[in-house]
Amino acid sequence: MSAFTPQMQAALGERIVTIFGAVEMLLPEHELRLLSSAGAVSFGGHRFVGRDPTFGAIDSIDVLDDGVGDEAPEITITLNPAGDAAATTLSSPAMQGALTSFWIGAVDPLSGAVIPDPLNVFLGTVDVPTIRSSAEGRKLELSVVSAFEEFFMDDEGARLSDTF
């Protein structure tokens, strides 16, 4: 059984399919909605773009890391910040806890419209930002943990851990 809608399942079965990854970060003073590629799509009443003029673009999204034992599921998103101000803002302590969602979707090749109901594959909060500098430039890695991380913050969640 697939988690995708019948329309999405049919689109993925075609010879040519245009898929996308979308990220929404509800920051304290900005709602950041980015695509994993160039262009723009709209779904759920919101527009997602390949590059945000203030905060930049997605460099990569790591594979979802299922938490085992006493670890919560986690995913890492790497951004190419638009400048020093963006890197500073996104790595500030105020961003910790920002609600973050990840979707996988597809676009109809004839109309350019998003196939209904992209799949929300992860919902979490920003945990740890890390700025990485190299000869190619600066990148910002954001660790995003699932809501299950909250279980490890008090004794109630500790009971769910074998090591406890």
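Computed over heavy atoms, backbone and side chain alike; hydrogens, waters and symmetry mates excluded.
With sequence neighbours excluded, the residues forming a side-chain hydrogen bond (donor to acceptor under 3.5 Å, both in side chains) with S143 are E74, listed by chain and number. For R132, the side-chain hydrogen bond (donor to acceptor under 3.5 Å, both in side chains) partners two or more places apart in sequence, or in a different chain, are E141. Residues passing the salt bridge (Lys or Arg N to Asp or Glu O under 4.0 Å) test with D59 are K139, sequence neighbours excluded. For R138, the side-chain hydrogen bond (donor to acceptor under 3.5 Å, both in side chains) partners two or more places apart in sequence, or in a different chain, are D84. Contacts of A57 classified as side chain to side chain contact (heavy atoms under 4.5 Å, CB included), with partners at least two apart in sequence or in another chain: R51. Applying the side chain to side chain contact (heavy atoms under 4.5 Å, CB included) criterion to A40, with sequence neighbours excluded, gives R47, V49. With sequence neighbours excluded, the residues satisfying side chain to side chain contact (heavy atoms under 4.5 Å, CB included) with Q96 are D127. For E14, there are no side-chain hydrogen bond (donor to acceptor under 3.5 Å, both in side chains) partners two or more places apart in sequence or in a different chain. Residues satisfying the side chain to side chain contact (heavy atoms under 4.5 Å, CB included) test with S92, not counting sequence neighbours, are A94, M95.
In the hydrophobic clustering, where aliphatic and aromatic side chains (Ile, Leu, Val, Met, Phe, Trp, Tyr) are joined below 4.5 Å either directly or transitively, F43 groups with F20, L35, V41, F48, W103, V107, V114.
Rounded to the nearest 0.5 Å, atoms CD1 (I77) and CG (L140) are 9.0 Å apart. The distance from atom OG1 of T78 to atom CD1 of I61, rounded to the nearest 0.5 Å, is 9.0 Å. Here T5 contributes atom OG1 and L12 contributes atom CG; the two are 8.5 Å apart, rounded to the nearest 0.5 Å. Rounding to the nearest 0.5 angstrom, the gap separating the OG1 atom in T18 from the CD1 atom in I115 is 9.5 Å.
At least one side-chain heavy atom of F55 sits under 4.5 Å from a side-chain heavy atom of L90. Between T100 and F122 the shortest side-chain heavy-atom distance does not fall below 4.5 Å. The shortest side-chain heavy-atom distance between L123 and L99 falls under the 4.5 Å cut-off.
The minimum heavy-atom distance linking A3 with L119 is given by the pair O-CD1, 3.8 Å. For the pair P129 and S91, the tightest heavy-atom approach, listed with the atom from each and the gap, is CG-O, 3.5 Å. Here the closest non-hydrogen pair linking P118 and G105 is CB-CA, 3.9 Å. Smallest separation of non-hydrogen atoms from G124 and V144: C-CG1, 3.9 Å.
Annotation: I19, atom CD1; neighbour count of heavy atoms from other residues, nucleotides and ligands within 6.0 Å does not exceed 12.
Applying the side-chain hydrogen bond (donor to acceptor under 3.5 Å, both in side chains) test to pairs two or more places apart or on separate chains, those with a residue in residues 23-38 are E24-R33, H30-D52, E31-R33, R33-H46. A side-chain hydrogen bond (donor to acceptor under 3.5 Å, both in side chains) check over residues 108-122, counting only residues at least two apart or in different chains, returns nothing.
V128 is not connected to F102 by any chain of hydrophobic side-chain contacts under 4.5 Å among Ile, Leu, Val, Met, Phe, Trp and Tyr, and they are in different clusters.
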